[in-house]
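Accompanying notes for the structure given below.
Chain A is the first sequence line, chain B the second, and so forth, proteins listed ahead of strands; every chain is numbered from 1. In this text the structure is predicted, and so the values were computed from the model without any measurement. For the numbers below, each heavy atom of this structure counts, side chains included, while hydrogens, waters and symmetry mates do not.
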Amino acid sequence: MSSVIETRGLKKRFGRVRALDGLDLTVASGEVHGFLGPNGAGKSTTIRVLLGLYRPSGGTATVFGQNPWSDAVALHRRIAYVPGDVSLWPNLSGGEAIDLLCRLRGGTLDAAAYRDRRAHLVDAFQLDPTKKGRTYSKGNRQKVALIAALAAPVDLFILDEPTSGLDPLMDAVFRRELQAATSEGATVLLSSHILSEVEHLCDRVSIIRAGRTVETGTLAQLRHLTRTEVAFASTGLTDADLAGLAARIPAAHDLVLGNGTPRAGIPRAGTARVSFTADSDALPEVLPVLADLRVQGLTVAPPSLETLFLRHYREDAPSPAPSTGPLP
Amino acid sequence: MNALWPLLRLRIHRDRVQLPIWIAVFFGLAALVVFAVDSSFGTSIERQALMRIAVGSPTILIFRGEPQGADVDAVAFFLIFAFLATLVAFMSTFLAVRHTRAEEESGRFELIAATPAGRLIPLLATALHGIVAALAAGLAVALGLLAGGLDGAGSTTTGGAVAGTGIAFLGVGLLAGQVMHTSRGANGLGAALIGLAYTLRAFGDAGGTASADGLSMSSAWPSWLSPIGWGQQTEAFTTNRPAPLALDLALAAVLFAVVVLLQSRRDLGTSLIGERPGPQHAPRTLSGSLGLAWRLQRAPMIGWALAGLVFGVLAGTLGETVVELVQSSAQVGEALARMAGGRASIIDLFTDTIFGLVGVIAAAAATQAMIRLRQEEANGSAELLLALPLRRGRWIFDYLLVGTVSIALVLLGAAGGAAAGLASSSEVAGTADTTARVASAAASGVAQAPAALLVLAIAALLVAFVPRLSTGLSWGVLFVSAFIGEFGELFGLPDWLLNLSPFTHTPTIGAADVDSSGAWWMLGLALAGAVAAGVGIRRRDLAL
């Protein structure tokens, strides 16, 4: 698979602020790529570099093998963009804004197809296209930009938190319409904070923090990076049983015995609990031991993306270790 | 009520730069008018000549006021009051809209109204703030006149009249904020009502009855329908009667009561005149950045062209009056000749002088068109546009084009107005002279284009190279250039400073030999500037 977006060591400085500090991003053709990171990590800056709105201070960036800064106009014929915070023209109606944006992109050349598609989307998103730009709520402005992006076929969608402000119903419409667009072979770069959206839509994910990529891979690969949480009640177990636990389960990490320091999130009303985390692929070795102990109240929490993201999003998280870098 | 003081302080804080500038302008104008009367019409005979002509020419009365004798102070009041009153009216309506409808439009009012301040306390804070501002403007006028050497009673009356007008239009602005859905619409309605008030008193003054000595008049009834007229009826420096100001306060009280009633009954975000729905589909013309630029600037462009038309009519109809004025006072003639910079037909020179102002209006229209591009960038809609296959050079070129069309429309309006004015003027109508005058007016119009185009190109350069500063700098360049162009010679500024302003290089139509080399230079520079701006905007980041 050839890559549609490719950045290597991308840097962008604003005065003394390093918005991007060596960002690597590869988006393969036809994939839906989740682009995640805490606020201020550099997601929107990256997107603006990819759109030729910002000129990089260092490193390289290519889109469809072309330079996004110098070949902007040619590239933009193949790209649809939805910004995170859509500003419309106050005295243009939503319908006018949609038509203007699509005409500028050249997406209205097939007039009949455009008309049908636009009518379908206006209906699906339940947008009133006669309202003036200034009277739309945030969600409705977002819908205008989404309809303009989806109304004509393109090769690449760049979506910066496209569903912020949409209700869950419209969220579902968006997912459906985007999947319809990608089934025709379009590539998507989707910046988002909504993990369910990412799980639902994305093939691969890149997590960035402080202007650098800290994690890239498929969702399955990323899940491997998180551990499964295992907990059970300690009633009926002898101290010896418990003491031997660490030795019997070499895969266990962060072992907390029932009388140890309390941990948040573990209910301990009446009875003490034992908890530990295990590498997800080590789980088969753990289960026989637990069965042997005849543990009660067993809970096994699957690896959640949330844990992974929280680990990377937290301010005090250690700097990205090179060893966990991009997976193959 | 605990919320009142913080809200009032917030308003004062937000206007901490803007209001002092307004107030300094009021002081400066009041102080300067005394100086201007003294220097242009120094003797009693000159002033009597001036006032006799004024009493006899409705066109002058329309733009000035109610003549009240030929003393320096009365002449100063006659010349300046309508202008000061119009200014304070704009200050007050803009202030009222800025702190009410604009806040509601932006969503900030919702935040405030959700606090214990509720819906009415912010309104009260705006009213108090506006009253304080109007009183400050009045005080500045009174102090300015005193500084010019006029007596205390008349100065106080004038200041009071300015403050009264300001308070009356504060009510007008607050009402406009209830009626219209957007701050732009409310400001437009406010400006239209100011125009109405000005026109009513213009009719009243033009249709007034002259006194036996031909130096004073008493205005006709339409003046009494206008807050600006009420201010004039205080007859400051002659009778000094404050009674008409009670009408200002009464109007303000009634309007404020209506506004409170409306505000306490209506929903958030609604207005008396609601938002009309727009079309479902874009018209064919709205299919590119030129169509968009045209659409965004269409309404302001019409306004600027109308302003050009008004000045054109003024130039066309006032010509004869000026000839009379010049024949009655050698010094005035010299002053006019000095302003126009040559010794040719006085009417042509006068027309050309007025067209100098038209040139400034054209440049302002063009600057606004270019600043619109910057606003598109700053408010984020340009991000949507520039992510499309739109060349940035093309983008700025489209706004340059709309700016050029704005200039053309203003100049065309002015030339048309001048032609209509000359044709309707009784003495020269239908003669070969009229044709020559109209041709001269048209030439004056064309002559303004290069300077306006250069100002447009400078604005484009600023947008391309210093986007974040460009709005303020562009208007600053225009203001300073216009000031140097209009008043530079009068104030005896050095040549190098005069040469900096595009407007001083505009050819003087009507002068003995017309020197148009400056015009060609400016056209060349404007073209070079436009090209440089087109290159520059491609080389920079989007500046939000």
Side-chain angles (χ1 to χ4, degrees), chain A residues 12 14 44 47-56 69-70 72-108 115 118-119 122 128-135 144-145 148-149 158 160, chain B residues 102 104-107 181-185 269-271 274-300 372 375-395 398 538-544:
Chain A
K12 179 64 189 174
F14 297 106
S44 294
I47 284 173
R48 287 186 182 141
V49 168
L50 295 175
L51 286 165
L53 300 174
Y54 288 166
R55 196 212 295 257
W69 179 261
S70 51
V73 172
L75 281 173
H76 291 175
R77 285 184 226 289
R78 311 174 64 182
I79 301 176
Y81 170 48
V82 176
D85 190 2
V86 179
S87 300
L88 296 175
W89 297 274
N91 50 355
L92 258 61
S93 72
E96 286 181 308
I98 293 169
D99 285 344
L100 172 69
L101 293 170
C102 289
R103 283 174 189 172
L104 270 164
R105 203 187 315 122
T108 58
R115 204 169 44 239
R118 180 188 187 276
V122 166
D128 175 1
T130 63
K131 281 178 79 175
K132 295 280 177 69
R134 68 168 77 85
T135 57
V144 169
I158 296 184
D160 194 355
Chain B
E104 192 162 342
E105 201 182 8
S106 72
H181 194 79
T182 64
S183 57
R184 204 178 266 258
T270 58
S271 52
E275 183 82 27
R276 275 173 306 163
Q280 197 145 2
H281 295 273
R284 223 161 261 291
T285 48
L286 187 63
S287 58
S289 94
L290 180 62
L292 178 65
W294 177 264
R295 169 74 179 272
L296 294 176
Q297 271 307 98
R298 194 173 55 190
R372 177 68 79 157
Q375 285 171 343
E376 284 274 286
E377 191 177 3
N379 71 20
S381 37
E383 192 179 356
L384 279 172
L385 277 188
L386 295 181
L388 297 165
L390 169 66
R391 280 176 203 288
R392 293 201 201 174
R394 170 68 203 266
W395 187 46
D398 287 340
R538 259 180 277 166
R539 289 169 172 272
R540 69 166 170 85
D541 286 348
L542 182 77
L544 289 169

For the residue pair B/L544 and A/R48, establish whether any side-chain heavy-atom pair is separated by less than 4.5 Å.
yes
Any donor-acceptor pair under 3.5 Å from A/S93 side chain to B/P279 backbone
yes
Min side-chain heavy-atom separation B/D541-A/K12 under 4.5 Å:
yes
Minimum side-chain heavy-atom gap A/T135-B/H181 below 4.5 Å:
yes
B/R392 versus A/G52, closest heavy-atom pair with distance
NH2-O, 2.9 Å
Quick one: what part of A/V49 sits under 4.5 Å from any heavy atom of chain B, side chain, backbone, both or neither?
neither
Shortest non-hydrogen contact from A/W69 toward B/R538
CZ2-O, 3.1 Å
For B/R284, is it the side chain, the backbone, both, or neither that has a heavy atom closer than 4.5 Å to a heavy atom of chain A?
backbone
Between A/L92 and chain B, with a heavy-atom cut-off of 4.5 Å, which part of the residue counts as in contact: side chain, backbone, both or neither?
both
Contacting region of B/L292 [heavy-atom separation from chain A under 4.5 Å]
side chain
Closest approach of A/R103 to B/L286 (non-hydrogen atoms, all atoms of both residues)
NH1-O, 3.0 Å
Heavy-atom pairs under 4.5 Å with chain B, option from A/L88, A/L100, A/I158, A/T108 with the top count
A/L100
Using modelled atom types and a 3.5 Å cut-off, is there a donor and acceptor pairing between side-chain atoms of A/T130 and backbone atoms of B/P277?
no
Heavy-atom closest pair (A/E96 atom, B/P283 atom, distance to 0.1 Å) is OE2-CD, 3.4 Å
Can you tell me which portion of A/R118 sits under 4.5 Å from chain B's heavy atoms? Options are side chain, backbone, both or neither.
side chain
Counting only heavy atoms not in A/R55, do more than 12 fall under 6.0 Å of its CZ?
yes
If every non-hydrogen atom of B/L384 is compared with every non-hydrogen atom of A/Y81, which pair is closest and at what distance?
CD2-O, 4.4 Å
What are the two closest heavy atoms between B/P389 and A/H76, and how far apart are they?
N-CB, 3.3 Å
